[in-house]
Amino acid sequence: MKINNIKFFDSNTNQFLDRDSVEIALVNDAKANLASQGGYLIPALTDIHTHSDFYFDSDIANQFAKNMGVTSQVGGLCGFHSVFDENRVTRESFEEYASFLGTKGSIFNSYEQLFAQAQQADKQHLQLLGLNAYLFSYPVDDTTDLDDYVEQIAVLFEQFPFAGISVGLAYHPIKTLSDELIQALLRKLIARVPTAYNYHIRNQNAQVFESLEEVFACHRGLSAHCHISHLKFAGATHIGKVKERFADFQALMAAQDFTITWDVYPFSFACTTISAFLPESDSWSKMSEGEVVDFLLSAPPYDFENVIIACGNPAYNGFKLHEIAAKTNLSVENAYYKVVCELEGIGSYFRQFCTEEDLATLVFADDAIIASDSLGVENVHPRCTHTFTKALACAHQQGDAAFTMMVDKLVNGPKRVFPQLQTPNQYLYINFDDSVEVDLSSLDALIDKKISQFALVTLK
């Protein structure tokens with residue numbers, strides 16, 4: 001089909017060029033009804049923070065990606081990859097350990113299986129080696145010969161086409177290691193394997209700068225790339241102060257002697273496993289209702305009553321906890337326990353962790369890279385469905401300059417972390433309804449109204 005008067009993003013100049021007409025063919029979507037006039041054509045997108053290796057077998061997850069114009073994904077983030085050593089740990093224990101990341105069908109007992117599956121995926125896939133998952137199969141302690149341990153990781157890394165290494169300092173087993181042990185291990189590993197390291201830092205709340213310093217200290221004097229995943233200044237201590245905190249972060253980055261990049265997702269709320277408010281989110285069923293309520297009352301989560309539930313049950317989906325509590329004549333704490341039990345722990349939640357202005361400081365920063373952290377494979381929530389469409393819609397509303405800068409970041413930002421990413425051979429056609437107003441706190445339905453046309457295409 002032909003579209004007239006279209007704006008075409010030129011990757012050589014990183015600017016939009018006016019085209020009288022462009023001939024395109026739809027990709028796997030013969031029913032799309034695209035306009036014959038106007039709109040934008042940009043290269044297909046790359047999501048550099050996913051857990052796609054945990055859901056190769058999920059048609060839903062793959063369709064989520066296509067619906068956002070994503071044709072390249074980086075998997076194995078937050079220290080997790082989908083491989084365990086069946087000679088060291090059981091499949092059941094690994095499934096429980098990583099159950100919140102994806103489907104059991106995409107858990108492998110060899111890296112050969114993982115990379116074979118990656119090659120069969122219908123999108124470009126780069127895979128990271130997750131240090132936490134490796135440590136789960138091969139534990140370390142104070143008696144471990146770290147030089148020998150690091151050499152084993154190096155041999156594995158060089159044997160397979162890993163694009164980098166990921167580290168989750170807030171997750172087991174790393175979170176339970178002594179500071180001295182993990183610092184020594186990371187320092188030796190970074191020196192031996194100077195690749196791109198992607199970090200889920202230990203704390204994004206009051207201790208965010210201490211957590212950044214923990215990571216940066218491992219890299220000083222070395223050549224490895226340091227990437228901070230899903231940067232946010234979360235929690236009540238940062239609300240209204242993100243702009244000055246971000247300025248401090250930029251100054252800290254500039255003072256280092258190694259390369260640092262970072263990504264952010266464009267949401268003013270956190271969304272993760274629905275049982276995450278409990279001490280052990282994967283073992284929630286072992287707690288009684290009384291224990292759950294007592295725990296929540298003793299350490300009340302920030303703005304708990306306004307947490308929004310996201311799940312497949314229409315009785316709860318999209319409702320705040322205080323609304324569910326009112327409908328069920330329960331306290332907020334008891335209502336939360338009821339929801340978790342009825343959903344059997346499967347679902348996600350949203351809650352505000354910063355203001356609209358705070359979030360815009362990060363999302364629209366020149367050096368920001370947009371990524372999804374796409375969890376919740378079978379549960380529709382914005383990380384899986386509207387990460388990139390929201391960024392594009394909000395930027396377009398700010399005018400041509402802001403929209404061009406956002407497209408430039410989406411197209412070129414991932415290559416700053418992973419230069420080996422190939423140029424996509426598909427494009428994203430997108431058009432907007434300017435009568436609809438959206439912002440970074442907008443929910444999915446409003447974003448869908450703003451974006452009137454959206455489809456993956458190829459040039460004819």
Side-chain angles (χ1 to χ4, degrees), residues 78 99-101 168-172 175-176 200-208 210-211 229-242 245 264-265 267-311 313 315-356 358-359 362 373 375-376 379 381-383 440-441 443:
C78 294
S99 62
F100 68 102
L101 290 169
L169 290 156
Y171 293 115
H172 293 291
K175 70 181 294 184
T176 59
H200 181 132
I201 63 174
R202 198 177 295 271
N203 189 296
Q204 298 246 25
N205 293 287
Q207 289 78 42
V208 62
E210 291 88 338
S211 298
S229 294
H230 42 59
L231 177 71
K232 54 186 177 289
F233 296 88
T237 59
H238 297 297
I239 289 180
K241 301 177 182 178
V242 167
R245 304 280 165 85
V264 62
Y265 52 79
F267 303 105
S268 60
F269 38 73
C271 29
T272 184
T273 48
I274 200 168
S275 55
F277 291 110
L278 302 177
E280 296 294 336
S281 62
D282 295 333
S283 303
W284 61 269
S285 60
K286 298 175 183 177
M287 298 183 69
S288 68
E289 181 171 7
E291 289 173 325
V292 168
V293 171
D294 288 344
F295 174 79
L296 293 171
L297 290 174
S298 65
Y302 172 71
D303 202 24
F304 189 52
E305 65 274 12
N306 288 315
V307 165
I308 302 173
I309 300 299
C311 65
N313 187 334
Y316 302 136
N317 186 50
F319 289 99
K320 296 180 179 180
L321 278 178
H322 75 79
E323 295 172 327
I324 297 172
K327 289 194 299 182
T328 56
N329 293 316
L330 296 171
S331 70
V332 171
E333 294 76 19
N334 290 94
Y336 171 71
Y337 182 78
K338 174 182 174 65
V339 170
V340 172
C341 288
E342 290 191 13
L343 297 177
E344 297 183 339
I346 305 300
S348 55
Y349 72 87
F350 312 149
R351 66 170 174 166
Q352 185 172 336
F353 63 74
C354 65
T355 67
E356 183 88 7
D358 287 341
L359 186 62
L362 302 178
D373 191 10
L375 304 177
N379 305 298
H381 63 65
R383 284 189 186 176
L440 291 172
S441 61
L443 297 178

Query raised in the report: Got a sec, which residues hit side chain to side chain contact (heavy atoms under 4.5 Å, CB included) with P300, two or more places apart in sequence or on another chain?
Result: none
Requested in this report: Could you pull out all residues at least two apart from A325 that satisfy side chain to side chain contact (heavy atoms under 4.5 Å, CB included)?
Outcome: V332, A335
Residues in side-chain hydrogen bond (donor to acceptor under 3.5 Å, both in side chains) with [X], at least two apart?
X    : answer
E291 : S288
N203 : Q207
S298 : none

Report task. Please step through side chain to side chain contact (heavy atoms under 4.5 Å, CB included) for the pair H322 and N306, ending with a clear verdict. Result -> CA-CA 6 Å; H322 75 79; N306 288 315; 3.4 Å; yes
Nearest 0.5 Å, please: how far is [atom2] in [Y] from [atom1] in [X]?
X    : Y    : atom1 : atom2 : result
L321 : T328 : CG    : OG1   : 9.5 Å
H200 : L169 : NE2   : CG    : 8.5 Å
Y336 : I309 : OH    : CD1   : 7.5 Å
Y265 : L440 : OH    : CG    : 13.0 Å
R245 : T237 : CZ    : OG1   : 6.0 Å

Query - side chain to side chain contact (heavy atoms under 4.5 Å, CB included) between E289 and C341, intermediate numbers included - result: CA-CA 10 Å; E289 181 171 7; C341 288; over 6 Å; no
Distance-minimising heavy-atom pair for [X] and [Y]:
X    : Y    : value
V340 : S275 : CG1-CB, 4.4 Å
F295 : F277 : CE2-O, 3.1 Å
S441 : E356 : N-OE1, 3.1 Å
L362 : L231 : CD1-O, 3.9 Å

Report task. Using atom types as modelled and distance alone, determine if a side-chain donor or acceptor of Q204 lies under 3.5 Å from a backbone N or O of A234. Result -> no
Query raised in the report: Pairs in or reaching into residues 325-349: which pass salt bridge (charged side-chain N to carboxylate O under 4.0 Å, His left out), with residues at least two apart or in two chains?
Result: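 Output for this query lists K338-E342.
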Report task. Decide side chain to side chain contact (heavy atoms under 4.5 Å, CB included) for F233 and D358; before the verdict, give the C-alpha distance in whole Å, the side-chain angles of both, and the deciding distance to 0.1 Å. Result -> CA-CA 9 Å; F233 296 88; D358 287 341; over 6 Å; no
Requested in this report: Decide side chain to side chain contact (heavy atoms under 4.5 Å, CB included) for L296 and Y337; before the verdict, give the C-alpha distance in whole Å, the side-chain angles of both, and the deciding distance to 0.1 Å.
Outcome: CA-CA 10 Å; L296 293 171; Y337 182 78; over 6 Å; no
